[in-house]
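These values consider heavy atoms only, across backbone and side chains, with no hydrogens, waters or symmetry-generated copies.
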Amino acid sequence: FGGDNFNNNVEGNKDALAYKEIVEKLSCPAYHVRGNKESHPNPDDAIHLEEFKTLFVSSPILKVKGKDWLLETKGYALLGLDSCIEGANNGKYTEETMKFAESILKTGKPTIILNHHPYTNYWKGTDPKDIHKYVLNNTEEVQKRLFGFDNLLLTLSGHKHIDSVIKINKTNVIVTRGFIRPLDMDMYPMRLVEITDEKISEKLIYTA
């Protein structure tokens, strides 16, 4: 789950716990990073980073460093990178996050990155405020430092709720819609992504 998992706009942690109860009913593993909805809480007593980590990033199989995590499974490294800025809708990778990602990529293990803010203006927006809000703010540095690794196979992002499948260098870069409009089947299908033997396949599926 790549962020905006709940709105974080009610008192305390009620919305977070309701979301957690739903996810725990799944019959498959689920992993989480934050989106701006979770990092820009309103009211002030909604959950913040440390409580989010306690609720959703506490599995012993995750290697947590700062606000990011690593899962090593089936020969792959799955990186959950938190691109959020506290109290803001826009996002960027901190230097700590960049160094953590680089340290994993340097091992040569096939790697997937899960984060919230997309890396490009793939919807071809023209409003600078819109681009600042939705595109990872230090994307040029991120692309220079991370997307040069041939073993970075795939990134998964969200935030804009507009579907996209492109490549940056050799990396498959996929942005998917949210569940915000699950009933508009013709306009808002989801994208199923599968990896087998480091080969990536994807297709649109419908949520209702």
Going by heavy atoms in the side chains, are Leu154 and Ile174 under 4.5 Å from each other? yes
Phe149 and Leu153: same hydrophobic cluster, using ILVMFWY side-chain contacts below 4.5 Å? no
Step by step, would you call Lys92 with Glu141 a salt bridge (Lys or Arg N to Asp or Glu O under 4.0 Å)? CA-CA 10 Å; Lys92 66 182 294 186; Glu141 181 185 8; over 6 Å; no
Report the distance from atom CG of Asn13 to atom CG of Asp15, rounding to the nearest 0.5 Å. 8.0 Å
Out of curiosity, Asp127 CG to His132 NE2, how far, rounded to the nearest 0.5 Å? 11.5 Å
Give me each pair satisfying salt bridge (charged side-chain N to carboxylate O under 4.0 Å, His left out) with a member in residues 53-65, each pair once, sequence neighbours excluded. Glu50-Lys53, Lys63-Glu72
Please tell me if the side chains of Leu156 and Thr176 come closer than 4.5 Å, counting only heavy atoms from C-beta onward. no
When clusters are formed by joining ILVMFWY residues with side-chain heavy atoms under 4.5 Å apart, either directly or through shared neighbours, do Val173 and Met98 land in the same one? yes
Any idea which heavy atoms bring Val57 and His32 closest together, and the distance? CG2-O, 4.1 Å
Decide yes or no for Tyr134 and His117: does some side-chain heavy atom of the first lie under 4.5 Å from some side-chain heavy atom of the second? no
Is there a side-chain contact between Lys37 and Asn5 (heavy atoms, below 4.5 Å)? no
Could you tell me if the ring centre of Phe1 sits under 6.0 Å from that of Tyr19? yes
Asn36-His116 side chain donor-acceptor pair, cut-off 3.5 Å: yes
Are any non-hydrogen side-chain atoms of Leu70 and Leu62 less than 4.5 angstrom apart? no
Return the minimal non-hydrogen interatomic distance between Val23 and Ala30, and the atom names on each side. CG1-CB, 3.7 Å
Tell me every residue that passes side chain to side chain donor-acceptor pair (under 3.5 Å) with Lys99, counting only those two or more places apart in sequence or in another chain. none
Flag, side chain of Asn121 to backbone of Gly125, donor-acceptor distance under 3.5 Å: yes
Residue from Asn169, Thr111, Ile104 passing side chain to side chain contact (heavy atoms under 4.5 Å, CB included) with Leu152: Thr111
Between OG on residue Ser83 and CG on residue Asn137, distance to nearest 0.5 Å: 9.5 Å
Consider only side-chain heavy atoms of I, L, V, M, F, W and Y, link residues closer than 4.5 Å, and tell whether Ile85 and Ile47 are in one cluster. no
So does Glu95 pair up with Arg145, basic N to acidic O under 4.0 Å? yes
Quick check: are there more than 12 heavy atoms from other residues, nucleotides or ligands sitting under 6.0 Å from NZ of Lys170? no
Quiz item: cation-pi between Lys20 and Phe56, 6.0 Å / 45°: yes
So Tyr119 and Tyr93, would you call those rings parallel, tilted or perpendicular, with 30° and 60° as cut-offs? perpendicular
Would you please say whether a donor-acceptor pair under 3.5 Å links the side chains of Asp130 and Trp123? yes
Same apolar cluster: Met190 and Ile162, side chain cutoff 4.5 Å: no
Are Val135 and Thr120 close enough that some pair of their side-chain heavy atoms sits under 4.5 Å apart? no
